[in-house]
Amino acid sequence: MFLRVTSWIIFLAACAGPASSPKTLTVFAASSTLNAFNEIGKAFEAANPGVAVVFNFDGSQSLRTQLEQGAEADVFASANQSEMDALATQSLISNSQIFLSNELIVILPNGNPANVQTLSDLARPGLSLVLAAEDVPAGNYARQALDNLEASLGPGFKDQVLANLVSEENNVKQVVAKIQLGEADAGIVYNSDAVATPNLQTLAIPAEFNVTARYPIAVMKNAPSRALAEAFVAYVLSPDGQATLKKWGFTPVTP
């Protein structure tokens with residue numbers, strides 16, 4: 001896969017030619033990939049003159065619904081497998097493959113005004129917590145992590161934490177925004193979100209209680225720009241694409 005990326009790019013650049021009309025590649029991607037994919041998109045455009053990469057970032061569940069309802073896209077990158085499987089069941093995608101993994105972390109507003117020092121503090125009465133909604137991958141993973149932590153912090157821990165929930169967001173970037181604005185005392189997001197917002201303070205979730213999110217990517221079955229879509233997926237999986245993902249806090253796939 002990695003060895004074919006350069007030839008794909010050269011082929012596409014040659015096909016574009018000076019007389020070719022501009023080509024658009026539309027990528028529907030989980031909101032947590034925003035920073036990394038924007039950088040990857042610019043690199044892909046630079047390697048393929050005349051190509052414009054257009055992204056639609058949102059919660060994976062929302063993107064899946066849009067695609068089911070007929071939205072046109074070339075590539076879908078999800079933060080969980082279930083959304084991809086739903087599209088596969090309807091024959092809307094070609095074969096998917098994992099292109100990165102991600103883990104969870106607690107984020108706190110700058111200055112940590114609620115003085116959250118340990119994970120047990122998330123259950124403190126009066127603390128305000130914001131999560132992605134349960135049907136959003138990040139929200140589902142966060143609740144799984146709370147289940148795991150209950151084994152260490154005692155029965156009822158998850159219920160006590162969720163009693164502090166003041167807002168449930170449609171995607172993980174909205175959770176980050178609430179914490180940046182100081183509208184809650186803590187949130188649970190992906191490690192990549194913390195890397196993208198270094199002004200926020202963080203609290204690690206130990207590996208034995210954390211949840212690993214594996215992100216699949218696929219070309220849409222009726223992709224308007226199939227060759228470009230296949231080349232984009234190949235670039236994401238290439239050493240350069242994986243290096244960009246790592247830079248933004250994701251864990252690259254093993255070649």
Side-chain angles (χ1 to χ4, degrees), residues 1-5 27-44 53 55 57-61 63-64 75-85 93 95-108 119 131-132 136-149 152 171-173 175-176 179 186-219 232-255:
M1 177 67 75
F2 292 168
L3 296 177
R4 291 200 294 268
V5 174
V27 179
F28 279 37
S31 61
S32 53
T33 66
L34 186 150
N35 299 91
F37 264 21
N38 275 334
E39 185 170 330
I40 285 173
K42 288 183 174 65
F44 190 80
V53 182
F55 290 104
F57 294 108
D58 206 341
S60 299
Q61 80 296 338
L63 297 173
R64 185 256 301 163
V75 175
F76 177 44
S78 174
N80 66 356
Q81 190 63 47
S82 62
E83 310 301 341
M84 193 68 75
D85 289 344
I93 61 164
N95 291 337
S96 66
Q97 51 197 314
I98 301 299
F99 70 101
L100 63 84
S101 63
N102 210 351
E103 293 189 336
L104 302 175
I105 195 166
V106 177
I107 55 172
L108 313 166
L119 292 172
L131 299 175
V136 179
N140 183 270
Y141 294 137
R143 288 163 177 80
Q144 289 180 44
L146 294 175
D147 280 329
N148 297 342
L149 284 165
S152 172
N171 63 64
V172 72
K173 290 300 183 187
V175 176
V176 174
I179 301 301
I188 301 177
V189 297
Y190 296 116
N191 183 62
S192 56
D193 296 302
V195 170
T197 51
N199 60 308
L200 299 179
Q201 294 180 236
T202 61
L203 187 62
I205 299 174
E208 62 266 34
F209 306 117
N210 214 319
V211 176
T212 298
R214 293 178 173 83
Y215 290 42
I217 190 169
V219 174
F232 181 83
V233 171
Y235 182 77
V236 168
L237 290 163
S238 75
D240 286 345
Q242 293 288 293
T244 299
L245 292 170
K246 184 176 181 179
K247 167 187 169 183
W248 286 102
F250 298 100
T251 300
V253 294
T254 302

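Since we're looking at a predicted model, the values are computed, not measured.
- Taking both residues in full, the closest heavy atoms of A186 and L108 are given as CB-CD2, 3.7 Å, listed atom of the first, atom of the second, then distance.
- For K173 against L34, the heavy-atom pair with the smallest separation is CE-CB, 4.2 Å.
- The shortest side-chain heavy-atom distance between E39 and W248 falls under the 4.5 Å cut-off.
- Residue N35 comes nearest to A196 through the heavy atom pair OD1-CB, 3.5 Å, listed as atom of the first residue, atom of the second, then distance.
- Between the side chain of S78 and the main chain of S60, no donor-acceptor pair closer than 3.5 Å is present.
- For the pair I205 and V106, the minimum side-chain heavy-atom distance is below 4.5 Å.
- One finds the OG atom of S32 at 5.0 Å from the CZ atom of F250 (value rounded to the nearest 0.5 Å).
- Annotation: the span from Q144 atom CD to L149 atom CG amounts to 12.0 Å, rounded to 0.5 Å.
- Distance CG/L100 to OG/S192: 8.0 Å, rounded to 0.5 Å.
- Aromatic ring pairs are classed by plane angle as parallel below 30°, tilted from 30° to 60° and perpendicular above 60°; the pair F99 and Y215 is perpendicular.
- Taking all atoms of both residues into account, the shortest heavy-atom contact from S31 to F57 is CA-CB, 4.2 Å.
- Between N140 and N80 the shortest side-chain heavy-atom distance does not fall below 4.5 Å.
- A 6.0 Å sphere centred on CG of N95 holds no more than 12 heavy atoms belonging to other residues, nucleotides or ligands.
- Side-chain atoms of I40 and L245, non-hydrogen and from C-beta on, do get closer than 4.5 Å to each other.
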Inset, instruction - Evaluate side chain to side chain contact (heavy atoms under 4.5 Å, CB included) for E83 paired with L63, printing each intermediate quantity in order. - result: CA-CA 9 Å; E83 310 301 341; L63 297 173; over 6 Å; no
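- Within the 4.5 Å cutoff, no side-chain heavy atoms of S82 are placed close to those of R64.
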Inset, instruction - Please report the C-alpha distance between L104 and Y190 in whole Å, then the side-chain angles of each, then the deciding distance to 0.1 Å, and finally whether the side chain to side chain contact (heavy atoms under 4.5 Å, CB included) criterion is met. - result: CA-CA 4 Å; L104 302 175; Y190 296 116; 4.0 Å; yes
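- Rounded to the nearest 0.5 angstrom, T251 OG1 and E103 CD are separated by 6.0 Å.
- The structure places CZ of R214 at 11.5 Å from CG of N102, a figure rounded to the nearest 0.5 Å.
- Summarising the local packing, CZ of R143 is surrounded by more than 12 heavy atoms from other residues, nucleotides or ligands at distances under 6.0 Å.
- Using cut-offs of 30° and 60° on the angle between ring planes, the pair F44 and F232 is perpendicular.
- Contact annotation: the side chain of L200 approaches that of I179 to within less than 4.5 Å [non-hydrogen atoms, C-beta and beyond].
- With a 4.5 Å cut-off on side-chain heavy atoms, I188 and I105 do not count as touching.
- Residue D58 holds its CG atom at 5.5 Å from CG of N171, rounded to the nearest 0.5 Å.
- F37 is listed as a side-chain neighbour of V236, based on a closest heavy-atom distance under 4.5 Å.
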Inset, instruction - May I have the step-by-step check of side chain to side chain contact (heavy atoms under 4.5 Å, CB included) for V75 and I217, ending in yes or no? - result: CA-CA 7 Å; V75 175; I217 190 169; 3.7 Å; yes
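- Annotation for I98 and Q81: closest pair CD1-OE1, 3.8 Å, computed over non-hydrogen atoms.
- Between G41 and V53, the shortest heavy-atom distance links the atoms O-CG2, 3.9 Å.
- In this structure, N191 contributes its side chain and G249 its backbone to a donor-acceptor pair below 3.5 Å.
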